[in-house]
Amino acid sequence: MEADNRITGKTKLMGVIGNPIEHSISPQLHNTLNKMLGLDFVYVPFRVETGALQDAVKGLKALGLVGFNVTVPYKNDVLEFLDETTEEVKIVGAANTIKNAGGRLYGYNTDTEGFARSFKEDSGTGFEGKKVAVLGAGGAARAIAVKVASEGAAGISIINRTVSKAMEIAGIINSNIGTGTDCYRPEDSGAAEALFESDIVINTTSIGMFPRIDECPVDKNTVFREEQIVYDIIYNPVKTKLLKKAEESGCKVINGLGMLFYQGIYAYEIWTGLKISEEKLREAYACFVKILGK
Ligand code: ATR
């Protein structure tokens, strides 16, 4: 038998905390990057039970991890255990990436930049001057709406079954960025109008995600215009019912694979200080798609 020399006394640790964590593909993505770039890091998943977040964060700091990701349900609660965060994290109220700089913990949100980069790359355009409709008003909606507003969207319509949650996001955008934001329930006539008039439609809900692939976050009578870009943060299936419907109307459609990939890439760059080349990114993306079996 050959010795296993992959982990030595010098190996540095990265990780992810969440609950559940078993489904996370981040360990495979980040360890693929470690291998591809020849870095002596290992990325490990940690399931953190309810009530144990503070101990977990202290533990990761004490053990000297270079950084870690934070996923559901701790992206908001982790903020109180950090030393510093970006302005964006303060506005969004969530961090998914923590860097340990000599015992000081810095919080970042790479979901926002991951979303923006994948949108721009796949659509060939940005948010400046665009009318954007956001479906849903959970954590993902908040991060995306703040990003879109901060990049100069002309207006945002948030459509959510619990309209009070949409209004909460609108309040945050209004007081921090000032972009005009309207809120609707899906059944409101204003919602159909806002959808029709928007340049970009973004689904941030889980409606249509495997295994409930026959569900759609917009009414069956919704008509898309071919000039519209429709983005779904879901990546399983790669083409949701929403995206199929939009594609039938001739719209440009984008799934959540790129967002998932780039939030990981940005986190990795924050921890290592490296800028991954375009060539390496393409190589990593090909592995990432294989990891997901897409
Ligand atoms: P995340 O943090 O990933 O965004 P979340 O906070 O649970 O997840 O938010 C999910 C969003 O999808 C919410 O806006 C939720 O609507 P409510 O605010 O009314 O709960 C929306 N959503 C999820 N399943 C839904 C369904 N079956 N019908 C309508 N809205 C749904």
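Residue indices begin at 1 and follow the sequence shown. Each ligand, and each atom within it, is numbered from 1 in the order the structure gives.
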Provide, to 0.1 Å, the distance between [atom] and the closest protein heavy atom, together with that atom's residue and name.
| atom | value |
| --- | --- |
| atom 17 (P) of ligand 1 | T162 OG1, 3.4 Å |
| atom 4 (O) of ligand 1 | A140 N, 2.9 Å |
| atom 8 (O) of ligand 1 | G139 N, 4.4 Å |
| atom 5 (P) of ligand 1 | G138 CA, 4.0 Å |
| atom 20 (O) of ligand 1 | R161 NH2, 3.0 Å |
| atom 23 (C) of ligand 1 | S206 OG, 3.8 Å |

Check your understanding: Nearest heavy-atom pair of L242 and V218: which atoms, and what distance?
Key ->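 Distance-wise, the nearest heavy atoms are CD1-CG2, 3.8 Å.
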Review point. Going by the angle between their ring planes, with limits at 30° and 60°, are Y43 and H30 parallel, tilted or perpendicular?
Key: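 Parallel.
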Check your understanding: How are the rings of F115 and Y231 set to each other: parallel, tilted or perpendicular (split at 30° and 60°)?
Key ->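 Aromatic pair F115/Y231 classed perpendicular.
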Check your understanding: In ligand 1, which numbered atoms sit nearer than 4.0 Å to a non-hydrogen atom of G136?
Key ->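 Taking each heavy atom of G136 in turn, ligand 1 has 14 (O) under 4.0 Å.
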Review point. About how many Å separate NZ of K10 and CG of D40, when rounded to the nearest 0.5 Å?
Key: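 If we round to the nearest 0.5 Å, D40:CG and K10:NZ are 8.5 Å apart.
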Compile the donor-acceptor pairs under 3.5 Å between side chains in residues 273-284 and protein atoms, sequence neighbours left out, one pair per line.
unit_1: S277; atom_1: OG; unit_2: K280; atom_2: N; d: 3.1
unit_1: E278; atom_1: OE2; unit_2: R117; atom_2: NH2; d: 3.3

Review point. Any side-chain donor paired with an acceptor under 3.5 Å for Y262 and E121?
Key: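 Note: Y262 and E121 side chains meet the donor-acceptor criterion.
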Review point. Looking only at N/O atoms, are K165 and ligand 1 under 3.5 Å apart anywhere?
Key: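 The answer is yes, given that K165 and ligand 1 share an N or O pair closer than 3.5 Å.
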Check your understanding: Would you say ligand 1 has an N or O under 3.5 Å from any N or O of A137?
Key ->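 Yes, since at least one N or O of A137 sits under 3.5 Å from an N or O of ligand 1.
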Check your understanding: Is it true that a side-chain atom of S118 and a backbone atom of G258 form a donor plus acceptor pair closer than 3.5 Å?
Key ->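 Side chain of S118 to backbone of G258, a donor-acceptor pair under 3.5 Å: no, none is there.
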**Study point:** Backbone of A94 reached by a side-chain donor or acceptor of N109 within 3.5 Å
**Key:**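 Between the backbone of A94 and the side chain of N109 there is a qualifying donor-acceptor contact (under 3.5 Å).
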Review point. Can you tell which part of V72 has a heavy atom less than 4.0 Å from ligand 1: side chain, backbone, both or neither?
Key: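 V72 to ligand 1: no contact under 4.0 Å from either part.
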Review point. Just heavy atoms, cut-off under 4.0 Å: does N160 contact ligand 1 by side chain, backbone, both, or neither?
Key: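 It is the side chain that gets close, since no backbone atom is under 4.0 Å.
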